[in-house]
Protein chains: 2
Amino acid sequence: MADAPTTKRARARAAMTADIKRIARSHLAEHGADGLSLRAVARDLGVVSSAVYRYVASRDELLTLLIIDAYDAVGEAAERAAADGRGGAEARWVRTCGAVRAWAVAHPHDYALVYGSPVPGYAAPADTVDPALRVTRAAISVVAAAWEAGEIDLGAPADIPTVVRDDLEAMRAAFAVELPAEVVARALLAWTGTFGHLSWELFGHLHGGVTDYDAFFEVQAHSWWQLIARGPGAAPC
Amino acid sequence: MADAPTTKRARARAAMTADIKRIARSHLAEHGADGLSLRAVARDLGVVSSAVYRYVASRDELLTLLIIDAYDAVGEAAERAAADGRGGAEARWVRTCGAVRAWAVAHPHDYALVYGSPVPGYAAPADTVDPALRVTRAAISVVAAAWEAGEIDLGAPADIPTVVRDDLEAMRAAFAVELPAEVVARALLAWTGTFGHLSWELFGHLHGGVTDYDAFFEVQAHSWWQLIARGPGAAPC
DNA sequence: CGAGAAACGAGAGCAGTGCTCTTGACATTC
DNA sequence: GAATGTCAAGAGCACTGCTCTCGTTTCTCG
């Protein structure tokens, strides 16, 4: 992953670390974050538990590694979908949201790990924030491209308090895109909405109410784009 | 809570059960669901751990009791807010969402327990689904009242696949309200969006981006209502 | 090249967990 | 009043995260 391992010990260390992560990932996928046990990982590795602590400082640190992996995976999926230019802006948006959902459905425990309840007392280390932003960056880039292409109506200036407007402007700047605050607000609304729907779907709050989750999500994703592109309650004639 | 306890033993049992729940709630509020330990509850109760098992079958069952409590608490808060008729439909909607958020902010661990990652392998017992629906029922009733009062534009018929439309119709029937499928879809969009925003706020995904969470939420809640009442991208002139 | 330093795996151990079983004391009921 | 059921206590099992020590292997540097 980084430099070529030189010494035999360095190679062994890299291999061991990779094995730990690989087995931990499979345990996460099967039993969820709650069921991830360092001792079980060590057992599967054919090694005594204390040996694992030579490579991973604590269970929390191992979880952090998995969190970073998960953020990178969903971020990459979203980036690939967003980069696909086929169709108009709406198609790109729906495709990007769909890629996020596809990842979440394929890796529900990973989704729960990063977007579900945070472990109490777990402070996100600095190395997680950058991977975490990848997926949102992909989404906002779709919006920014659509704005540049004139595919988004600004609508009437919204009544947004200054403190909120400043935050929206700071977000826009952080993502280095050109967008009016109104559109940033709508994009954020649609984006958190996407994750709200996903959480409700994956965590069972829609159980019994939805037959075809794929179709349902697609309908909602199109609505979100309409919200971004035309605004909520845009200009009732 | 139910019948008046007659015998001394029945009274003692009721008191003990209530004490267990009370202490468990305080532990949940302080340490989160992960940190809820039957043994710790027993210790605080001045009783040996096995004694607690006379009243609660397992840790999962205790969590279920807390889940039901949490659903009831947020449901009641939402109902009270929705019942307050001051202002128009938009005011009622924003007030109801605000009540949910106020509860969530005041009891973040309870929120995480019910709307965060579900415990893997935890199948929601039947007694949780009814309390879970209370809060959504409160929200949908606000929408239904607004529709009846003519405060909602239907907009152009949306292009919704039959399978999704059937689900929406079934949801409408389940909540025993009169609403077109289009409006049910928009209400659900707004509702899951509300929880998406809440989860992102409470789980730290907006950390560093938002200064005044109260103001931010209020702006978003108004937008959600506009979405319900006017539709996404309603009739661009 | 070879000695000292660093890294390593194994194992024992500590404190904590959920949960089960037995035992003797108490309350309830017939 | 005796039989029945309920109760709290305690020991015990299997598991967890994590620490420490102890020989062994590997690296590094003189």
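In what follows, every chain begins at residue 1, and chains take the letters A, B, ... in the order their sequences are listed.
A salt bridge links A/Arg134 and A/Asp72; the closest N-O separation between the charged side-chain nitrogens and carboxylate oxygens is under 4.0 Å. A salt bridge is absent between A/Asp110 and A/Arg25; no separation between the charged side-chain nitrogens and carboxylate oxygens falls under 4.0 Å.
For the residue pair A/Trp191 / A/Thr136, a side-chain donor-acceptor distance below 3.5 Å is found, with atom types taken as modelled. Under 3.5 Å, the side chains of A/Tyr111 and A/Ser199 contain a donor-acceptor pair of N or O atoms.
On the nucleic acid side, DNA chain C contacts chain B at distances under 4.0 Å to non-hydrogen atoms, with the end points of that region at C/dT17 to C/dT28.
Counted within 6.0 Å of CD on B/Glu79, heavy atoms from surrounding residues, nucleotides or ligands total more than 12; the atom is thus considered enclosed. Within a 6.0 Å sphere centred on CD of A/Glu169, other residues, nucleotides and ligands contribute more than 12 heavy atoms.
Within the 4.5 Å cutoff, no side-chain heavy atoms of B/Phe195 are placed close to those of A/His197. Counting only heavy atoms from C-beta outward, the side chains of A/Pro125 and A/Thr128 approach each other to under 4.5 Å.
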* To do: For B/Leu206 and B/Tyr213, run side-chain contact (heavy atoms from CB on, under 4.5 Å): C-alpha distance rounded to whole Å, both residues' side-chain angles, the deciding distance at 0.1 Å, then the answer.
  => CA-CA 9 Å; B/Leu206 296 176; B/Tyr213 283 100; 4.1 Å; yes
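Between the CG atom of A/Asp34 and the P atom of D/dG17 there is a distance of 11 Å, given to the nearest Å.
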* **Reading 5' to 3' through nucleotides 21-30 of chain D, protein heavy-atom contacts under 4.0 Å coded B for base, S for sugar-phosphate only, - for none** => ----BBSS--
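Within the 4.0 angstrom heavy-atom criterion, base atoms lie near B/Ser50. The residue B/Leu36 sits close only to the backbone: its heavy atoms come under 4.0 Å of sugar-phosphate atoms, none of a base.
Here the options are A/Val41, A/Val56, A/Asp69, the test is side chain to side chain contact (heavy atoms under 4.5 Å, CB included), and the partner is A/Lys21; only A/Asp69 passes.
Near DNA chain C, meaning a heavy atom under 4.0 Å from it, residues 39-49 of chain A has A/Arg39, A/Val47, A/Val48 in order of number.
For the pair B/Tyr55 and D/dA8, the criterion of a side-chain N or O lying under 4.0 Å from OP1 or OP2 is met.
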